[in-house]
Amino acid sequence: MDFQAYQQVVHMLTQGTLCLMEQAEYEAKYDHEKPLMVLPIQGKEDVAHIRHVVDSFLQERIPNWKDPARNRILVGLTEAVTNVVKHTPGGQVLVYIDEVGPRFHVLDEGPGLKLSSLSYLLFAKGFSTSGSLGAGFPVMMAFFKQILVCSSPEGTKLVLRSDLSQASEELGGSGRCS
């Protein structure tokens with residue numbers, strides 16, 4: 001199956017909550033944006049540090065940054081950062097604030113996601129390539145409105161979108177990739 005076929009199937013199965021992007025699409029959409037904050041990911045100590053720094057940063061800038069949405073978004077971000085620590089040599093988190101809430105780009109320097117195992121990584125709870133619990137993507141999908149995935153042999157880029165204007169309890173699912 002080629003990339004476009006995977007892209008269509010993933011979009012359909014997740015009703016737009018999870019979208020695959022090619023590198024050129026990612027660059028055209030996001031390379032012109034300047035992040036509000038850039039945080040390096042180098043080791044496991046960065047997981048808690050990033051969660052704390054992001055939480056403090058957003059508390060100062062978003063009036064409706066409160067639980068339960070706040071906690072769910074931070075847990076989802078923690079899963080993404082943990083994946084970088086467990087599976088790659090490092091990366092970074094870029095923080096943005098859109099009209100509806102925070103948006104995070106979690107970039108890694110790993111070998112990229114293999115297209116052949118993508119369906120297992122994204123949908124099979126408990127599947128892991130490193131012996132972990134394999135809950136990362138299912139947790140992120142439950143706690144973010146949308147996740148965009150761009151992966152190549154130079155690394156993977158996740159765009160984690162939230163929507164604080166929606167009901168705080170139900171964050172997942174937008175219906176279209178954007």
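Positions are given from 1 along the sequence. Quantities reported herein were computed from a predicted structural model and do not represent experimental measurements.
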Inset, instruction - Report the residues that fulfil side chain to side chain contact (heavy atoms under 4.5 Å, CB included) with E154, sequence neighbours left out, ordered by chain and then residue number. - result: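 Only S152 meet the side chain to side chain contact (heavy atoms under 4.5 Å, CB included) criterion with E154.
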Inset, instruction - Under the side chain to side chain contact (heavy atoms under 4.5 Å, CB included) rule, collect the residues that match up with E27, sequence neighbours excluded. - result: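 For E27 the side chain to side chain contact (heavy atoms under 4.5 Å, CB included) partners, ignoring immediate neighbours, are Q23, D31.
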Legend entry - Hphob cluster co-occupancy, V100 + V95, side-chain heavy atoms under 4.5 angstrom: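 Looking at the clustering, V95 is in a separate group from V100.
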Inset, instruction - Would you kindly confirm whether Y26 and V38 end up in one hydrophobic cluster when ILVMFWY residues are joined by side chain heavy atoms under 4.5 Å apart? - result: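 Yes.
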Legend entry - Donor-acceptor contact present, side-chain Q8 to main-chain A5, <3.5 Å: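 Not a single qualifying donor-acceptor pair exists.
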Legend entry - S162 (side chain) donor-acceptor with P102 (main chain) under 3.5 angstrom: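 Confirmed, S162 side chain pairs with P102 backbone.
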Does any non-hydrogen side-chain atom of [Y] lie less than 4.5 Å from one of [X]?
X    : Y    : answer
L77  : L160 : yes
L148 : Y30  : yes
C19  : Q146 : yes

Could you give the side-chain donor-acceptor pairs of residues 47-54 under 3.5 Å, partners two or more places apart or in another chain?
from: R51; atom 1: NH1; to: T78; atom 2: OG1; distance (Å): 3.3
from: R51; atom 1: NH2; to: N71; atom 2: OD1; distance (Å): 3.1

Inset, instruction - Can you sort out the partners of E33 under salt bridge (charged side-chain N to carboxylate O under 4.0 Å, His left out), two or more places apart, ordered by chain and number? - result: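 Only R103 meet the salt bridge (charged side-chain N to carboxylate O under 4.0 Å, His left out) criterion with E33.
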Inset, instruction - Taking side-chain hydrogen bond (donor to acceptor under 3.5 Å, both in side chains) as the test, write out the residues that go with Y96, two or more places apart. - result: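 Counting only residues at least two positions away or on another chain, Y96 forms no side-chain hydrogen bond (donor to acceptor under 3.5 Å, both in side chains).
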Legend entry - Set of ring pair (Phe, Tyr, Trp, His ring centres under 6.0 Å) partners for F57, sequence neighbours left out: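 Checked F57 against ring pair (Phe, Tyr, Trp, His ring centres under 6.0 Å); zero matches.
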